[in-house]
Amino acid sequence: MTIQTFQSDVLQNIASAIRGLGAADYTEGDVVLSPVPENAQGDVALSCFGLRGRLSTLDDKARHNPVAISAALAEALAGKPVFEAVAAVGPYVNLSYDTAALAQAVIGDILEQGDHFADAPVRDERVVIEFSGPNTNKPQHLGHLRNNVIGESVSRLLQKSGSRVTRVNIINDRGIHICKSMLVYIKHGQNITPQSAGKKGDHLVGDFYVQFEKEFQAEYKTWLESEAGKRAYEEFLTSEAGIKAQKAIEAYELKKKGKAPADLFSTFKSSYKDKYFNSLSPIGKEVTDLLIRWENGDPEVRAIWKRLNDWVIEGFMDTYKTLGISFDKLYFESETYKLGKDIIQNGLEKGIFHRLPDNATAFDLSKIGLNGEKIVLRSNGTSVYITQDIGTAIERYKDYEYDKMIYVTADEQNYHFQVLFGILGELRPDLGGRFEHLSYGMVTLPNGRMKSREGTVVDTDDLIEEMARLVREVMENKADREHYADADEAEFDRRAQTIALAALKYYLLNFTPASWMEFNPEKSLDLQGRTGAYCLMNYARTRSILRKASYTRTQPGDVLSALKTPQEKKLLLNLMQFPAAIQWAAQNRDPSKMAEYLFNLCKSFAFIFTDKAGHPVLNCTDEATRSARLALVDAIGVVLKDGLGLLGIDTLEEM
RNA sequence: GCGCGGGUAGCUCAGUUGGAUAGAGCGUUGGCCUCCGAAGCCAAAGGCCGCGGGUUCGACUCCCGCCUCGCGCACCA
């Protein structure tokens with residue numbers, strides 16, 4: 001018996017009992033089973049609310065009473081071989097599966113199919129998923145890390161559930177921010193290389209960027225204190241924006257409610273910054289000149305740009321490799337940023353867009369239920385951010401003919417994607433509904449958001465290194481050194497690295513993507529409780545038992561009926577849930593559901609290490625029980641390894 | 001001002017789309033290593049599910065109002 005035949009047997013029995021009570025058109029597909037609360041008897045529950053009024057053999061009163069329906073159904077189901085117990089509890093019928101049949105189905109399937117257990121049949125659904133999207137002016141931080149692990153895990157979940165998945169990454173490698181790093185390099189760093197500096201390329205270029213910001217801030221500060229700066233501030237005070245800011249402060253003084261507005265000078269300072277950069281700043285002019293030379297294809301600038309970008313991208317690839325992440329295709333903004341202009345032109349002719357008096361091209365947002373309008377081409381004819389997104393989405397359709405295009409980005413871009421999808425729907429009604437924004441919340445620190453100016457940005461590479469260091473410390477201080485006896489230094493480090501990555505990935509995936517999450521550097525690096533390390537340890541424990549038993553996998557057959565205890569049954573039920581857990585996580589694009597599933601499985605398993613009297617495995621004197629338990633342990637290992645793999649987590653045989 | 005998303009145990013978070021006595025981890029308290037891995041196991045304490053109304057046999061979940069926190073509303077990306 002397989003899980004499939006077992007489950008259909010269950011459904012058939014239920015459906016036929018319901019038909020027998022008078023609901024003639026009731027089929028297997030109508031059966032809805034729900035979980036049973038912790039302390040109630042039974043493995044699954046059949047809720048009777050939905051059957052009200054449908055069982056014609058019951059009298060008028062009983063027919064509408066879920067409690068009476070449940071009693072009648074329980075009677076009809078009693079004695080069926082698939083159930084070893086049937087109980088009516090209020091409006092529910094609680095069903096207990098026949099343990100031997102369950103064990104045969106679950107363990108039989110898992111040991112036969114191994115890591116193909118729970119593979120869904122391949123559907124012809126093509127999914128393109130875009131994630132990571134780094135800028136090439138600085139290394140990736142904790143926010144990118146969350147993006148990376150969510151993107152990778154969702155990709156794996158979708159693959160496992162039968163979709164054809166293409167992973168793409170768009171590298172933002174052009175624009176003003178890149179020129180800032182370049183300028184510092186040109187001025188101060190011409191003979192530095194990642195090799196000579198002993199740094200990853202992305203970190204080296206990131207240093208240039210930080211250096212630029214420092215120089216610019218100093219310059220801006222000097223200007224603010226100059227006569228011209230003071231004059232600009234005075235003008236600001238009497239301007240519309242200044243008066244508005246003044247009023248906001250007065251309103252706050254009266255009510256003392258909400259967040260206090262910034263003081264006038266700070267408001268001026270931040271609102272004037274761009275204007276200063278673009279029209280007054282000497283260093284700003286140098287950057288803008290670089291950008292213009294880049295756009296004109298100046299060979300010298302392009303050569304420097306290429307050198308720096310290559311360094312950064314090499315650094316990114318190192319990080320991706322460490323994380324076990326790969327992409328089928330890298331898109332570079334420097335190659336795609338002109339896409340979309342023709343499409344806009346075309347849409348303009350069709351009346352989807354309109355011209356503004358100053359010659360800019362705009363989209364009327366009321367067409368998609370929003371307010372105002374969105375500029376899609378500047379008055380000088382150049383593109384804005386959304387222009388290339390429109391172009392890339394359509395271009396990519398030519399490449400992949402996707403059924404779904406998923407964008408993984410932080411939730412601050414929710415509005416942007418709403419607008420983008422709306423415009424795409426107008427331009428290409430045939431692609432409507434294929435676009436999806438998988439938006440995740442920010443990662444915050446205990447004292448708020450990461451701020452580069454305050455130096456609180458958590459760097460991905462540093463974080464991994466710090467985590468590995470911490471794991472090594474725990475390993476070195478472990479009392480029980482048995483498991484490191486045969487590990488040389490390289491193996492020791494490899495294990496520490498694997499555990500560190502497992503802990504980080506599990507931590508980041510354990511939150512539902514949509515929610516903001518707090519990252520506490522002290523607590524988050526913990527290895528106790530609901531963590532990646534805990535799951536990894538339980539996998540290692542399964543391997544340890546099987547090693548010591550000199551176990552080799554065979555189809556255990558009839559001995560499985562030796563699995564009888566409630567704890568064993570709970571494990572069987574957990575294992576049977578694996579395919580459904582994958583489906584749920586994949587459909588909801590939510591790896592945290594898989595993380596939760598795996599933790600629960602581990603928890604159901606972990607008790608046997610202290611219940612050595614009640615559940616001996618190696619020392620079990622009954623041969624059949626011993627074989628059956630070994631097979632169960634093997635099956636748990638298969639599911640744990642596969643499930644952790646769906647989170648992008650590698651397992652260890654010993655840790 | 002408008003739009004979107006949050007407010008659940010001391011803390012960090014789940015809550016399968018309206019169903020049984022609201023869960024987990026951390027933290028706290030107590031108990032477990034002559035015995036298959038103590039990065040562990042077992043147990044206890046701890047909740048007006050932001051507030052007020054409504055719909056329903058039934059609401060943490062749906063609707064309305066309010067309070068509160070955050071994000072967004074560029075010819076930036």
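Atom set for the values below is all heavy atoms of this structure, side chains included, hydrogens, waters and symmetry mates excluded. Given the structure is predicted, the values throughout are model-derived calculations rather than measurements. Chain naming here is simple, since letters A, B, ... match the order of the sequence lines and numbering starts at 1 in each.
- Remark: the A/Asn94 side chain and the B/A20 base include a donor-acceptor N/O pair separated by less than 3.5 Å.
- Judged by closest nucleotide on RNA chain B, A/Pro616 is the one of A/Pro616 and A/Gln388 placed further toward the 5' end.
- Distances shorter than 4.0 Å separate some side-chain N or O of A/Arg541 from OP1 or OP2 on B/A38.
- Distance check on atom P: B/U34 versus B/A9 gives 40 Å, rounded to whole Å.
- Look at B/U17: its glycosidic torsion is within 90° of 0, and that puts it in the syn range.
- Here A/His177 does not pack flat against the base of B/A77, since the 5.5 angstrom centre distance and 30 degree tilt limits are not both met.
- Distances were taken from every side-chain heavy atom of A/Leu527 (C-beta onward) to each of B/A39, B/G40, B/A74; the shortest belongs to B/A39.
- Results of the ring pair (Phe, Tyr, Trp, His ring centres under 6.0 Å) test with A/Tyr407 over A/Phe421, A/Phe131, A/Tyr440 single out A/Phe421 as the only residue that passes.
- Of the candidates B/A20, B/G37, B/C36, B/G37 carries the atom nearest the A/His483 side chain, counting heavy atoms from C-beta on.
- Side chains of A/Trp584 and A/Asp590 form no contact here, defined as non-hydrogen atoms less than 4.5 Å apart.
- For the P atoms, the distance linking B/G58 with B/U21 amounts to 14 Å, nearest Å.
- For B/A14, one of the phosphate oxygens OP1 or OP2 lies less than 4.0 angstrom from a side-chain nitrogen or oxygen of A/Thr512.
- Between B/C62 and B/G25, the distance separating the two P atoms is 27 Å to the nearest Å.
- Nucleotides B/C35 and B/C41 have their C1' atoms positioned 14 Å apart, rounded to a whole Å.
- When the nucleotides B/A39, B/C36, B/C13 are ranked by their closest atom to the side chain of A/Val617, B/C36 comes out on top.
- If you check B/C36, B/A14, B/A24 against the side chain of A/Leu618, the one that comes closest is B/C36.
- Note on A/Lys548: a side-chain N or O is less than 4.0 Å away from OP1 or OP2 of B/G37.
- Classified by its glycosidic torsion, B/C71 falls in the anti category, the angle being over 90° from 0.
- For A/Tyr539 against B/A39, no side-chain N or O and base N or O form a donor-acceptor pair under 3.5 Å.
- When each of A/Arg543, A/Arg494, A/Arg495, A/Arg541 is checked for a salt bridge (charged side-chain N to carboxylate O under 4.0 Å, His left out) with A/Glu653, only A/Arg543 meets the rule.
- For the C1' atom pair drawn from B/A24 and B/C32, the interatomic distance equals 22 Å after rounding to whole Å.
- The phosphate of B/C41 has OP1 or OP2 within less than 4.0 Å of a side-chain N or O from A/Tyr534.
- Counting only heavy atoms from C-beta on, A/Arg449 has its side chain closest to B/C71 among B/C71, B/G37, B/A39.
- On the P atoms, B/G50 is 25 Å away from B/C26, given to the nearest whole Å.
- For A/Ser515, a side-chain nitrogen or oxygen approaches OP1 or OP2 of B/A14 to under 4.0 Å.
- Remark: A/Lys478 is not in phosphate contact with B/A38, judged by side-chain N or O atoms under 4.0 Å from OP1 or OP2.
- Closest approach to the A/Phe511 side chain among B/G72, B/G40, B/C13 is made by B/C13 (side chain taken as heavy atoms from C-beta onward).
- Remark: A/Lys612 is not in phosphate contact with B/C33, judged by side-chain N or O atoms under 4.0 Å from OP1 or OP2.
- Candidate nucleotides B/A39, B/C36, B/C4 were compared by shortest atom distance to the side chain of A/Asn414, and B/C4 ranks first.
- Ion pairing between A/Glu466 and A/Arg469 holds under the 4.0 Å rule for side-chain N and carboxylate O.
- Here A/Thr610 does not reach the OP1 or OP2 of B/G40: none of its side-chain N or O atoms lies under 4.0 Å away.
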